[in-house]
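Below, read A as the first sequence line, B as the second, and so on, with proteins coming before strands; counting in each chain starts at 1.
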Amino acid sequence: MSGAGDREAVFPTRQSLGIMKAKLKGAETGHSLLKRKSEALTKRFREITRRIDEAKRKMGRVMQIAAFSLAEVTYAVGGDIGYQVQESAKSARFRLRTKQENVSGVFLPAFESYLTEGNNDFGLTGLGKGGQQVQRCRETYARAVETLVELASLQTAFVILDEVIKVVNRRVNAIEHVIIPRTENTIKYINSELDELDREEFYRLKKVAGKKQRDTAAADAEMKAKKAAAVSGKLNQERVEPAADPAPADILATGEDDDVIF
Amino acid sequence: MAASQGDYKDRQFLAVIGDEDSVTGLLLAGIGHVTSPPDSQKNFLVVDSKTETSAIEAAFESFTTQRKDIGIVLINQHVGLPPLLYFTASILPRNTWLQIADKIRYRIDTYTAAFPTILEIPSKEHPYDPEKDSVLRRVRRLFGE
């Protein structure tokens, strides 16, 4: 029956039935749209995860090469340049630019690296010796950082997409498993209530009709009886009336008169 | 969505938390930036065996939540140990090694914001370990491995 299952608190009227039907239709459309969105995002997501996996491995290699070139620098300069480098860092030469990419309504940011012009903090590093190694090391590290930046944008996209996909899937599931069944339940409930009302109404009408018929029959019968009574009364009267003064007829009707003796 | 326009528009720097060699290399590439004098904040932190975990955490906090101009935080998975300690460390089980990312591992694993992005990088002495990377672990999990 309608009482089973979750349903919305509505009055079972034809108007709310119409509203519920519209709602069900909307939910179904929304469900299919969201499902498609989720599929598109998941496709993109899988592609990104695969690329992340590759990029991380590449990063491992690149960083190793970079570390090796730094070791070369240390060897060539003949001392630690770390302190000097840390102290002379002032303004970033290597900067990021962010841009957006739209994947089915989700904005995925992407980093892009660029070098600012005319800004060289480490002009004096390796001036004495090992300048060439320092230069090469800088280039190697710059390439490594580019790889890192690429990886970072992939990772950002990964994090955002992960979140968005979760949200979308949650919506899809909510519509599929909560909203649609509930609306269907409500429609079923309203329909059954309306049917019940119809049956009641029909029964009532039938009852009324029956009663009316009975009443009419009774009235008819009464009328008939009355009529019959009236007719029979009239007949009776007619039958009684002649009997009321039979004299004139009797004058002749009687047999012989007694003799009249003078 | 998760990232609004203003959330990442001004993010133009990278930040590093790492051992001396990694930081030096990355600074040579030109990512080092010090903000203007009143509160000159560096965008890098050199960690060695004597650095307190709280200091690393504070730097992480400042790079990720306080500063709005950092787009990517690079963090070493491991810290290279001084040679003497290195021998001791190598006979200890792996998980007792001094590791930066591992020191604040819980912070990194619970960090889910899109900006700034956290990137774990390998250091000189330690090759990259994909098993430890929080993102790569998620990738693995999604592929059902």
Are [X] and [Y] close enough for a salt bridge, meaning some N to O gap below 4.0 Å?
{"X": "A:Glu8", "Y": "A:Lys23", "result": "yes"}
{"X": "A:Arg199", "Y": "A:Glu196", "result": "yes"}
{"X": "A:Arg51", "Y": "A:Glu47", "result": "yes"}

Select, from A:Leu148, A:Leu108, A:Leu151, the one with the greatest count of heavy-atom pairs under 4.5 Å involving chain B. A:Leu148
Counting heavy-atom pairs closer than 4.5 Å to chain B, which one of A:Thr140, A:Ile48, A:Val145 comes out on top? A:Val145
Ring-face cation contact, A:Tyr114 with A:Arg95, 6.0 Å cut, 45° max: no
Which answer fits A:Ala152, side chain, backbone, both or neither, if we ask what part of it has an atom under 4.5 Å from a heavy atom of chain B?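 Both parts, backbone and side chain.
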